[in-house]
Number of protein chains: 2
Amino acid sequence: MPKLVDHEERRAHIIDALLRSAARNGLHAVTMRSVAIEADVSVRLVQYYFDTKEQLLLAAMTRLATRMGERVQRRVRTAGTTADPRGIIEAVLLEAVPTDEESRTFHLVYTEYAVLSVTDPALGGQPFLAAPDEMESFLAAQLTAAQQAGDAAPHLDPRQEAVVLLAVSAGLGLSVLLNQRTADAATTVLHYHLGRIFPDRA
Amino acid sequence: MPKLVDHEERRAHIIDALLRSAARNGLHAVTMRSVAIEADVSVRLVQYYFDTKEQLLLAAMTRLATRMGERVQRRVRTAGTTADPRGIIEAVLLEAVPTDEESRTFHLVYTEYAVLSVTDPALGGQPFLAAPDEMESFLAAQLTAAQQAGDAAPHLDPRQEAVVLLAVSAGLGLSVLLNQRTADAATTVLHYHLGRIFPDRA
DNA sequence: GTTTTTATGGTACAACCATACCATCAAACT
DNA sequence: AGTTTGATGGTATGGTTGTACCATAAAAAC
């Protein structure tokens with residue numbers, strides 16, 4: 001046999017092509033052919049590495065979910081060095097607000113997948129269920145820590161506030177994607193809301 | 001000529017068929033044929049009343065946006081009779097949380113359209129830009145009124161709080177659509193958050 | 001050195017889609 | 001009464017899509 005190629009690498013290459021194609025023309029417009037062209041391989045190869053389109057779409061969704069996890073974790077780590085809970089929470093929530101083009105297309109395709117997974121039975125959207133649950137607990141824990149440190153208002157319910165925070169950042173992120181708001185405006189609102197949870201100490 | 005039919009009525013009938021079809025199998029799966037079957041007319045008729053598929057999709061989107069406005073206004077009127085600002089705000093925001101099946105499919109298709117309009121140039125999503133802007137002003141005004149009546153915390157910025165409220169309800173609504181949360185859970189969180197804006201007076 | 005594998009290209013095919021074209025029937029108008 | 005015109009059905013067509021099939025070169029296995 002020839003080159004004896006690294007399957008995972010090739011698969012990743014093709015999936016990335018799919019995501020780029022989806023970002024440009026929408027997930028609904030993705031076709032075997034468009035992916036092949038974008039990846040600069042033959043359609044046959046796409047078939048070879050992902051038998052069917054359904055499997056290709058599924059693999060791309062999984063990769064997307066993984067990347068989302070990495071993105072958030074990177075934010076946590078970067079903010080975590082200078083470490084106070086408010087900074088960490090802020091960093092995590094800002095991930096949902098797309099600023100540059102890369103972030104914008106990423107979240108756009110992610111959202112398209114999320115919405116698609118509701119109606120498409122082949123995409124039983126499990127990847128979209130686990131992550132937010134984890135996030136909710138994580139944020140609640142950070143809020144509790146902040147309260148104990150005296151940084152956050154003590155009368156708040158951490159669990160509920162965590163849900164509100166996630167909803168706010170999701171809602172703001174979506175509004176930015178839909179061009180209803182600029183990323184700056186969304187960021188400002190998010191800061192404002194955080195200010196209501198973490199009162200300034202003079 | 002025969003029956004001399006009411007065009008607007010027929011168009012409405014076909015559009016409703018499209019929306020039902022989209023609700024069941026996803027907007028991406030809508031085809032001339034599926035709409036025709038759902039409306040129990042021939043494909044030719046769909047062509048007759050909406051020349052092209054693009055125009056059909058556009059008309060349905062417009063109708064959807066109109067209905068959304070009616071839905072919100074109905075909430076305002078229903079709550080407006082017993083009239084305090086908090087009740088009105090609550091009613092409006094609860095519209096975004098789909099409880100029954102009808103509401104769920106409505107919001108699902110609406111969201112699918114909103115996301116689609118980002119990538120599809122033919123659907124330059126204007127209908128999705130004007131409405132949220134109006135809502136924001138409306139909510140800000142209600143909040144200001146509530147503050148003057150002494151019902152809402154006076155130190156809040158009405159404009160920013162209005163944006164936060166819209167983002168929260170959009171985020172919660174989306175999470176319900178994605179089956180991340182039940183409608184009840186979302187409602188509870190919304191009430192909690194309103195409780196932070198409208199402190200209980202003993 | 002022959003025989004398997006493995007990776008790849010090309011092409012063919014059946015299904016489906018949007019749309020264009022042709023036909024018809026009946027009400028309204030003249 | 002005859003002609004126009006609005007409403008509808010049916011069918012053909014050109015393009016696209018996902019996938020199956022056939023071929024082949026070349027590295028590995030024996």
Side-chain angles (χ1 to χ4, degrees), chain A residues 1-61 109 112-113 116-117 119-123, chain B residues 1-22 24-61 112-113 116-117 119-123:
Chain A
M1 47 208 171
K3 304 176 235 172
L4 198 53
V5 106
D6 178 348
H7 266 227
E8 279 321 302
E9 187 198 341
R10 270 260 194 282
R11 285 171 61 92
H13 177 232
I14 292 174
I15 288 179
D16 282 347
L18 181 148
L19 295 178
R20 261 176 290 140
S21 172
R24 188 144 19 85
N25 305 105
L27 185 59
H28 66 282
V30 163
T31 127
M32 291 282 137
R33 270 164 253 265
S34 75
V35 172
I37 290 175
E38 180 75 35
D40 199 37
V41 299
S42 75
V43 175
R44 180 64 182 83
L45 260 214
V46 181
Q47 278 187 277
Y48 183 69
Y49 287 103
F50 308 85
D51 236 40
T52 162
K53 186 188 182 182
E54 187 176 307
Q55 280 188 259
L56 172 59
L57 281 172
L58 215 97
M61 182 172 80
V109 178
E112 285 182 303
Y113 256 113
L116 182 61
S117 76
T119 42
D120 198 325
L123 255 62
Chain B
M1 47 210 170
K3 305 176 236 174
L4 198 53
V5 108
D6 179 350
H7 267 228
E8 278 322 301
E9 187 199 340
R10 270 258 194 284
R11 284 170 62 93
H13 177 232
I14 293 174
I15 288 178
D16 283 346
L18 182 148
L19 295 178
R20 261 176 290 142
S21 171
R24 188 146 16 87
N25 305 103
L27 186 59
H28 66 283
V30 163
T31 130
M32 289 283 136
R33 268 166 259 266
S34 73
V35 172
I37 290 175
E38 181 74 35
D40 198 37
V41 298
S42 76
V43 176
R44 181 63 182 79
L45 261 213
V46 181
Q47 277 186 278
Y48 183 69
Y49 288 103
F50 309 85
D51 237 40
T52 161
K53 185 188 183 183
E54 188 176 308
Q55 281 188 257
L56 172 59
L57 282 172
L58 216 96
M61 182 172 82
E112 285 182 303
Y113 257 113
L116 181 61
S117 76
T119 41
D120 197 326
L123 256 62

Original post:
Whole Å only: how far is the NE2 atom of His28(A) from the C1' atom of dT16(D)?
Top reply: 15 Å
Subject >> Set of ring pair (Phe, Tyr, Trp, His ring centres under 6.0 Å) partners for Phe50(B), sequence neighbours left out >> reply: none
**OP:** Any chance you could lay out the side chain to side chain contact (heavy atoms under 4.5 Å, CB included) test for Val41(A) and Tyr48(A), step after step, and finish with the verdict?
**Re:** CA-CA 11 Å; Val41(A) 299; Tyr48(A) 183 69; over 6 Å; no
**OP:** Find the distance Glu8(A):CD to dA7(C):P and express it as a whole number of Å.
**Re:** 12 Å
Subject >> Integer-rounded Å distance: dT16(D) C1' and Asn25(A) CG >> reply: 15 Å
Subject >> Atom pair distance, as rounded to whole Å: CG in Leu57(A) and C1' in dG18(D) >> reply: 12 Å
Original post:
Hey, is the main chain of Ser21(A) close enough, under 3.5 Å, to the side chain of Glu38(A) for a donor-acceptor pair?
Top reply: no
Subject >> Leu18(B) CG - dA18(C) P separation (whole Å) >> reply: 11 Å
Original post:
Taking CD1 from Ile14(B) and C1' from dT8(D), how many angstroms apart are they, rounded to a whole number?
Top reply: 12 Å
Subject >> Interatomic distance, Leu56(B) CG vs dT19(C) P [rounded to whole Å] >> reply: 10 Å
**OP:** Could you tell me whether the side chain of Arg33(A) and the main chain of Val43(A) form a donor-acceptor pair under 3.5 Å?
**Re:** no
**OP:** Check each residue of residues 38-55 of chain A for a non-hydrogen atom within less than 4.0 Å of any atom in DNA chain D, then write out the ones that pass by number, or none.
**Re:** Val43(A), Arg44(A), Gln47(A), Thr52(A), Lys53(A)
Original post:
Within this structure, what is the CE-to-C1' distance between Met32(B) and dG14(D), rounded to whole angstrom?
Top reply: 17 Å
Original post:
Who are the ring pair (Phe, Tyr, Trp, His ring centres under 6.0 Å) partners of Tyr113(A), not counting sequence neighbours?
Top reply: none
Subject >> Min side-chain heavy-atom separation Met61(A)-Leu116(A) under 4.5 Å >> reply: no
Original post:
With respect to the phosphate group of dA7(C), does any side-chain polar atom (N or O) of His7(A) fall under 4.0 Å of OP1 or OP2?
Top reply: yes
